[in-house]
Amino acid sequence: MPNRTLLIAGNWKMNNDVAEAVKLADELAQALPEVPAGVEVLVCPPTIDITTVHDRIQAAPIALGAQNVYWEAKGAFTGESSCDMLKSAGCTYCIIGHSERRDYFHETDEDQNKKAKALVAAGLVPVFCCGESLEVREAGTYVEHVVNQVKAGLAGLEITCPKQVVVAYEPIWAIGTGKTATAEDAQEVCGAIRETLKEMFGEELADGIRVLYGGSAKPGNIAELVAKPDVDGALVGGASLKAADFASMVVKAGE
Ligand code: 13P
C-alpha cells in the first residue's frame with residue numbers, strides 16, 4: 001500500500017475573533033511542538049484571523065489554510081480573497097466545496113472547479129470537500145452522488161504530484177451532529193473516491209492523493225478512521241476548536 005502522509009486538518013469555520021484565534025493558535029503551537037512521523041497538521045481559521053494565526057504558528061509544524069477563495073486574480077469582487085492574497089498571508093492550503101458553502105451560499109460544482117484550478121495554478125493545495133445529505137444517503141445513491149461531485153469539481157485539474165490536491169469526504173448528516181459515519185462507511189466512500197481519482201488522474205497519482213474523512217471526527221474515533229486503507233486523515237470541525245482535543249487527534253493518528 002502506498003505510504004501516504006496522514007493529514008489532520010482543522011476547519012475553525014466562523015469561530016474565533018482575533019484574540020480568541022491568538023489564544024487557540026498559541027495553545028496549538030504549545031501542544032504540538034512536533035508532530036508524529038507520517039502525520040501533517042493543518043489549521044484553517046476564518047480569513048480575518050489568517051495573518052495573526054500565521055504569526056503565532058510559524059515556528060510550529062502546523063500548516064495554514066483558508067476556508068474560501070475566489071478564482072479571479074483581483075478587482076471588483078467585494079468580500080472575496082484571491083489565491084495570491086491567501087499565499088501572501090502564509091496559506092498553503094484552502095478548503096473548497098464545503099457543504100456549508102454549497103448549501104448556504106449556493107456554490108455549484110462549477111464554482112468548485114474554477115476554485116480548484118485557480119488554487120493549483122497558484123501553487124496552493126485545494127482541500128476539496130464532497131458528501132451527501134441524509135436524504136441521498138437514505139436513497140442509497142450516496143456513492144454515485146459523491147463520485148459525481150469529485151468528477152465535476154476536479155475535472156481537468158492539472159496536477160503532476162499527488163500532494164497538489166486533497167479530497168475530504170464529509171457526509172452532511174455527520175457534520176456537527178455527533179453522528180459519525182462508521183469507519184466502514186468512511187472507507188466505502190473514500191475507496192470509491194480513490195477509484196474515481198484513478199480514472200481521472202491515473203493510478204500512480206491517485207495512490208498518493210490524500211482522501212480525508214470529516215463529520216464529528218474526534219479523539220475517540222480518529223484511530224479507527226485512519227486505520228482504514230483509504231482514509232488518510234480527517235477534516236475536523238468542532239474538535240479543532242479545542243487545542244487539547246485537536247492535538248490528541250494528531251497524536252492518536254500517528255500511533
Ligand atoms: P464537525 O467535526 O464539527 O462535525 O465538522 C466537520 C466539518 O464540517 C469539517 O469541515
Side-chain angles (χ1 to χ4, degrees), residues 6-16 20-21 24 28 40-47 49-50 53 62-69 86 91-105 107 111-112 115-116 119 124-134 136-137 142 145-146 149-150 153 165-183 185-186 189-190 193 210-226 228 231-253:
L6 299 175
L7 178 61
I8 304 297
N11 174 7
W12 293 6
K13 306 193 179 182
M14 198 174 75
N15 294 291
N16 295 327
E20 290 162 338
L24 180 54
L28 283 172
E40 192 184 340
V41 181
L42 166 67
V43 292
C44 302
T47 310
D49 297 329
I50 284 174
V53 171
I62 303 174
L64 183 64
Q67 298 175 18
N68 190 22
V69 69
L86 298 183
C91 292
T92 50
Y93 287 84
C94 180
I95 297 170
I96 59 170
H98 196 283
S99 57
E100 289 149 18
R101 296 228 46 101
R102 294 176 189 261
D103 288 350
Y104 305 146
F105 304 99
E107 291 190 10
D111 294 336
Q112 308 322 322
K115 291 182 185 203
L119 286 165
L124 290 162
V125 179
V127 178
F128 172 80
C129 302
C130 50
E132 81 284 358
S133 63
L134 186 58
V136 171
R137 163 77 35 177
Y142 51 95
H145 178 88
V146 171
Q149 284 181 322
V150 172
V165 63
V166 172
V167 179
Y169 168 56
E170 298 208 313
I172 299 167
W173 48 271
I175 296 178
T177 58
K179 203 173 164 188
T180 326
T182 63
D185 289 335
V189 182
C190 291
I193 290 171
R210 270 88 58 85
V211 181
L212 314 183
Y213 166 79
S216 302
K218 48 187 179 270
N221 58 24
I222 188 67
E224 55 179 318
L225 286 163
V226 299
K228 293 294 175 191
V231 181
D232 308 315
L235 184 54
V236 187
S240 76
L241 299 173
K242 293 192 193 112
D245 284 355
F246 191 64
S248 146
M249 291 179 80
V250 172
V251 171
K252 286 183 174 172

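Counting starts at 1 for both ligands and their atoms, in listed order.
No donor-acceptor contact under 3.5 angstrom links the side chains of Gln149 and Tyr169, judged on distance only. For Ser248 and Asp245, the side-chain atoms include no donor-acceptor pair closer than 3.5 Å. Side chains of Trp12 and Gln67: no donor on one and acceptor on the other come within 3.5 Å.
Residues Ile95 and Cys129 meet the side-chain proximity criterion, which asks for heavy atoms closer than 4.5 Å.
Listed for the Lys115 side chain is a donor-acceptor partner under 3.5 Å among the backbone atoms of Val69. Put simply, the side chain of Gln112 gets close to the backbone of Gly97: a donor and an acceptor are under 3.5 Å apart.
Proximity of Lys218 to ligand 1 is not established, as no heavy-atom distance is less than 4.0 Å.
Atoms of ligand 1 lying under 4.0 Å from at least one heavy atom of Leu235, given by number and element, are 9 (C), 10 (O). Distances below 4.0 Å separate heavy atoms of Gly215 from the following atoms of ligand 1: 4 (O), 6 (C). Close approach of ligand 1 to Ser216 is summarised as follows: ligand atoms under 4.0 Å from at least one heavy atom of the residue are 1 (P), 2 (O), 4 (O). Atoms of ligand 1 found under 4.0 Å from any heavy atom of Gly237, numbered from 1 in the order shown, are 1 (P), 2 (O), 3 (O), 5 (O), 6 (C), 9 (C).
When heavy-atom distances to ligand 1 are checked against a 4.0 Å cut-off, Glu170 comes that close only through its side chain, counted from C-beta outward. By the criterion of a heavy-atom distance under 4.0 Å, the backbone of Ala174, and not its side chain, is placed next to ligand 1.
For a threshold of 3.5 Å applied to N or O pairs, the pair formed by Ile175 and ligand 1 contains no separation below that value. An N or O contact shorter than 3.5 Å is missing between Glu100 and ligand 1 by distance. Checked against a 3.5 angstrom limit, the closest N/O atoms of Asn11 and ligand 1 fall inside it. Considering backbone and side-chain atoms together, Ala239 places no N or O closer than 3.5 Å to any N or O of ligand 1. Between Gly176 and ligand 1, at least one N/O pair is under 3.5 Å apart.
When each of Cys44, Cys94, Cys91 is tested with Leu64 by the rule side chain to side chain contact (heavy atoms under 4.5 Å, CB included), just one qualifies, namely Cys91.
Counting protein heavy atoms only, atom 3 (O) of ligand 1 is closest to Gly238 N, 2.8 Å.
When all heavy atoms are compared, the tightest approach of Asn15 to Asp49 is O-OD2, 4.2 Å.
A salt bridge does not link Glu107 to Arg102: none of the charged side-chain nitrogens sits closer than 4.0 Å to a carboxylate oxygen.
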